[in-house]
Number of protein chains: 2
Amino acid sequence: MPAGTTTENIKQLLKRFKYKRVLNSNPQFKVISLLGLIDGKDAILTVEKTHFMFEDNIKSQQQRDSGESTTKAHLKMGSPPPLFYHCESEYSCVQGLEEIKQITANDIYYWGVGIIKQDLDRNPTARVNLIWPANYVHIKRFEQQNLHFVTETPKMYLDIVKPFIDEQCSGDNLQWVYKILYEGSDADRVVYKDDADKEKGFLILPDTRWDGVNIESMYLVALAYRDDIKSLRDLKPIHRDWLIELNRKIRSIIPACYNYMVHADELRIFIHYQPSYYHFHLHIINIRFPAGNEGLTVGKAVLLEDAIETLAHLGPQGYMERSISYSISDTHELWRNGLEAANLEEFDKAGIPRQPEIRNADGD
Amino acid sequence: MPAGTTTENIKQLLKRFKYKRVLNSNPQFKVISLLGLIDGKDAILTVEKTHFMFEDNIKSQQQRDSGESTTKAHLKMGSPPPLFYHCESEYSCVQGLEEIKQITANDIYYWGVGIIKQDLDRNPTARVNLIWPANYVHIKRFEQQNLHFVTETPKMYLDIVKPFIDEQCSGDNLQWVYKILYEGSDADRVVYKDDADKEKGFLILPDTRWDGVNIESMYLVALAYRDDIKSLRDLKPIHRDWLIELNRKIRSIIPACYNYMVHADELRIFIHYQPSYYHFHLHIINIRFPAGNEGLTVGKAVLLEDAIETLAHLGPQGYMERSISYSISDTHELWRNGLEAANLEEFDKAGIPRQPEIRNADGD
């Protein structure tokens, strides 16, 4: 499939991008997703403004450029408190403000707008992500969604969710995961790799939503080598020791990798349910990573430590023995293919009345 | 006080801004707040990236410039579907991308960075806000808290947290809760009251952070009448039936109270640990409530349904039998009075190395 090979370059592709419609726009996060066509095939373009530049991040960049490994650089530098280096660069939030215009002022409050110094290498203003060719599932994932709250019983899992997961794990759906694990795809981005033992091994790399620069928004993903755990549901007490060891390793390795700009007790490690792909992985973020992401929210994220503790109080079948509550989009295939109906049934059983029929609604 | 008059201009003021330190930095919202000095007086500078330009926004800007109020302009124009006007301007998110550089590509996924076309009048990249002279209260309001991740064992609870809770529940600290429950304080705001049975009764009222208007950001609090449950820690399997009934009532009552603009399966109901006050209460929010609030985050919020399920798998002492993981600010009294030390000990026990001693830090 030549359209999907990586011989194409995002720059060339975007020149041929024909705009169709906005899929989503988030003024709080300064991110917009557009649907368009490239060579007659659907393309999803996501553009997001970058955060302001900090001096300490520029330093780590220079270390990397000068060929030193992060760990070596770390050993040499000790652990500088990062906050004191902010705003000394020509691109920093103070020096980088090239022009300012006042909009209004009142008492001690002043408001204005400004333009900033940009540089494609040293201070880009936008992060750009393109999916091409994009299919229906990709498009749905980017589109604005209505969320519902569902309490998934073991029966609902077996009847509805498990068949979906089996389907998601078939074919080439997880090809990109195996490419990273076994074929060295993204090798230059891998932060840590421990593949000596397939049962216990894992690999850590930055999540694509992280710019890789700002330590405060650090977002990493740990991919397990084992492929027998599709989701939280498959976790059993026999996995506890492995999870404890994973937790220990991650909290030991990551601070060292990032020059102790983030500490062991400043990591939030969690599992998504439902995840976006069914191969066991952990999300690792800086605890300062601002809330404001549905992925961090209770009812989507389950803390690794909480899973470890929960498993200590469950029987041998682990999470299969309990219900799991979470929020899910009504665009999710699971919702449309059974979860909505099953959830309604559960609400009925619990004695929670359905919404009365609307007869004379004002809307359409 | 001439320094605070509006005869000063933000542009001139910022030329004299001497940077002191970063108060807060939010990479997701792309906003940073700095403390500095202007003419020897404290100044708080907040800079935020703007959202991507839409054609419809430019239109509204022109309307404003021509002296029409937004409402009048809106009425005149009808309500144009904004989405179709996106990306037609030279500053739009597609046309406005001046240069693009690919960072990496994998299969159908492409990532890059770009710089955008800026114009101080038509497409500024930053919004700037200055408070000067700023006082201690302003500064505190902007300052970032450092969060830490802690796994509280039952022993840590008994040694450190319980004494703190006992102290928090003594004296007049909870007077405001009892005033609401028994003395009709905030009576006009109460949405639902069920006080026939002190053991089972509860009362629902809007949280002060909700404007009471926008249903998407609906935020309610349910206060229990019983006062024997100080926190999540006190929940035991004997409370399960009561919690199930609470859940049923809330999911039945609230949609009806708000004219079914929010449905039973669109409520996120949760408990905070640590809560801000130690009298059992539930947070009830619209599931659409924008993430972006630390209070919704895993490691702070525990879903009511999850607590109900967790209790089904615990012994008679309930949550007292397990560890609870959460994030806590280093400004929290608990952190300073024992939790930090106990947490370090737990990390030592788990074999997670502490940060190495800093010897030759570059900073001060």
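Chain A is the first sequence line, chain B the second, and so forth, proteins listed ahead of strands; every chain is numbered from 1.
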query = Thinking salt bridges, do A/Asp306 and B/Arg322 make one under a 4.0 Å N-O criterion?
reply = yes
So, the part of B/Pro255 with a heavy atom under 4.5 Å from chain A: the answer is neither
* Asked: Is it true that B/Glu99 and A/Lys11 make a salt bridge, defined as a side-chain N closer than 4.0 Å to a carboxylate O?
  -> no
Cut-off 4.5 Å, heavy atoms of chain B, and the answer for A/Ile103 is neither
Notebook entry, point to check: Relative to the ring of B/His138, is the ring of A/Tyr109 parallel (under 30°), tilted (30 to 60°) or perpendicular (over 60°)?
Noted result: perpendicular
A/His148 meets the ring-ring contact (aromatic ring centres under 6.0 Å, His included) criterion, sequence neighbours left out, with A/Trp335
If one checks every heavy atom of B/Ala264 against chain A at 4.5 Å, the contacting part turns out to be both
Side-chain contact test, heavy atoms from C-beta onward, threshold under 4.5 Å: evaluate it for A/Leu13 versus B/Tyr110 and give yes or no.
yes
By ring-ring contact (aromatic ring centres under 6.0 Å, His included), B/Phe270 pairs with (sequence neighbours left out) B/His272, B/His283
Exercise. Is any side-chain heavy atom of A/Thr297 less than 4.5 Å from a side-chain heavy atom of B/Val298?
Worked result: no
Open item on the list: Checking A/Arg288 against B/Asn146 for the side-chain hydrogen bond (donor to acceptor under 3.5 Å, both in side chains) test, could you report, in this order, the C-alpha distance in whole Å, the side-chain angles of both residues, the deciding distance, and whether it holds?
Closed with: CA-CA 7 Å; A/Arg288 292 185 188 183; B/Asn146 289 319; 2.7 Å; yes
- prompt: Is the side chain of A/Lys30 donor-acceptor paired with the backbone N or O of B/Phe29 at a distance under 3.5 Å, no angle test?
  reply: yes
Find out whether B/Glu309 and A/Ser325 are in side-chain contact, i.e. whether some heavy atom of one side chain is under 4.5 Å from a heavy atom of the other.
no
